[in-house]
Structure formats: C-alpha cells, structure tokens
Amino acid sequence: MNAYAPILVLGALGAAFAIFSVVAATLIGPKRYNRAKLEAYECGIEPTPTPAGGGRFPIKYYLTAMLFIIFDIEIVFLYPWAVTFDALGLFGLVEMLLFVLTVFVAYAYVWRRGGLEWD
C-alpha cells in the first residue's frame, strides 16, 4: 500500500483543487446574467433549425474525427514502444514501421478526401 500512497495523495490533491476552483468561481465570480448569456449558444450565431430526423453531417466532420482518433491511437502505441526500444531490437523496429505505414495510409486517405482543408 505504501507504493500507491503518493498516487492517492496526488489524486486527492487534484480532486480537491478541481472542487475548490469550481466552488470559488461560483462564489467569487461575477453574476451578470442577461438574455444572451442564458441562451444555448453564447457565440452570437443563431442556431439553424435541424430537420425532424436530424441533419446530415459533412464528410469533413467524420474525417477530422477519424484523424484525431488515428493520431491518439498512434501516440498510445508509440510511447511504450519508445520506452522499450532497446529490448525489442529489429523485430520492434519492423513492427513499428508497419504500424506507422498503416497510420500513414489513413492519413493519406484523409488528405486525399480533403479533410485537412479548412474553409
């Protein structure tokens, strides 16, 4: 249990700071409410009505989401690989090259479909 004590203390400190920040902001923060502030969207753009069955999302929405997921997964696999690179040897290098190649194929697909173009 002594090995986990610093982790538990750090978690408790993080939770206490988060709770303290939320409570302090509610007590100390300004309370200037107006009609625009209480609207669902605060950006000033009036929301457009959506059709009854829901609207269609453009393909760029899905491509951008797919791109974020791909690179998140890549980082999750690259970090442990980098830590144990010496122990894996040539096998680890070849496997990571194959993995990066498959990630590059997904990246090329998103690039080809125009997912990186911002209008």
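Positions are given from 1, in the same order as the sequence printed here. The structure displayed is predicted, hence computed values, not measured ones. All values below come from the heavy atoms of this structure, side chains included, with hydrogens, waters and symmetry mates left out.
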Nearest heavy-atom pair of Leu67 and Tyr107: which atoms, and what distance?
-> CD1-CD1, 3.9 Å
Please check if Val105 and Met66 belong to a single hydrophobic cluster, counting links between Ile, Leu, Val, Met, Phe, Trp and Tyr side chain heavy atoms closer than 4.5 Å.
-> no
Atom CG of Leu13 and atom CG of Leu8: how far apart are they, to the nearest 0.5 Å?
-> 11.0 Å
Residues at least two apart in sequence or cross-chain that pass ring pair (Phe, Tyr, Trp, His ring centres under 6.0 Å) with Tyr62, listed by chain then number, are none
Going from OH on Tyr79 to OG1 on Thr84, what distance comes out if it is rounded to the nearest 0.5 angstrom?
-> 11.0 Å
Exceeds 12 heavy-atom contacts within 6.0 angstrom, atom CZ of Phe77 = no
Under a single-linkage definition using a 4.5 Å side-chain heavy-atom cutoff for Ile, Leu, Val, Met, Phe, Trp and Tyr, are Leu90 and Phe99 assigned to the same hydrophobic cluster?
-> yes
Over 12 non-hydrogen atoms of neighbours within 6.0 angstrom of CH2 in Trp81 | yes
Determine whether Leu97 and Ile73 fall in the same hydrophobic cluster, where Ile, Leu, Val, Met, Phe, Trp and Tyr are linked whenever their side-chain heavy atoms lie under 4.5 Å apart.
-> yes
Non-hydrogen atoms of Val103 and Glu74 that approach each other most closely | CG1-OE1, 3.5 Å
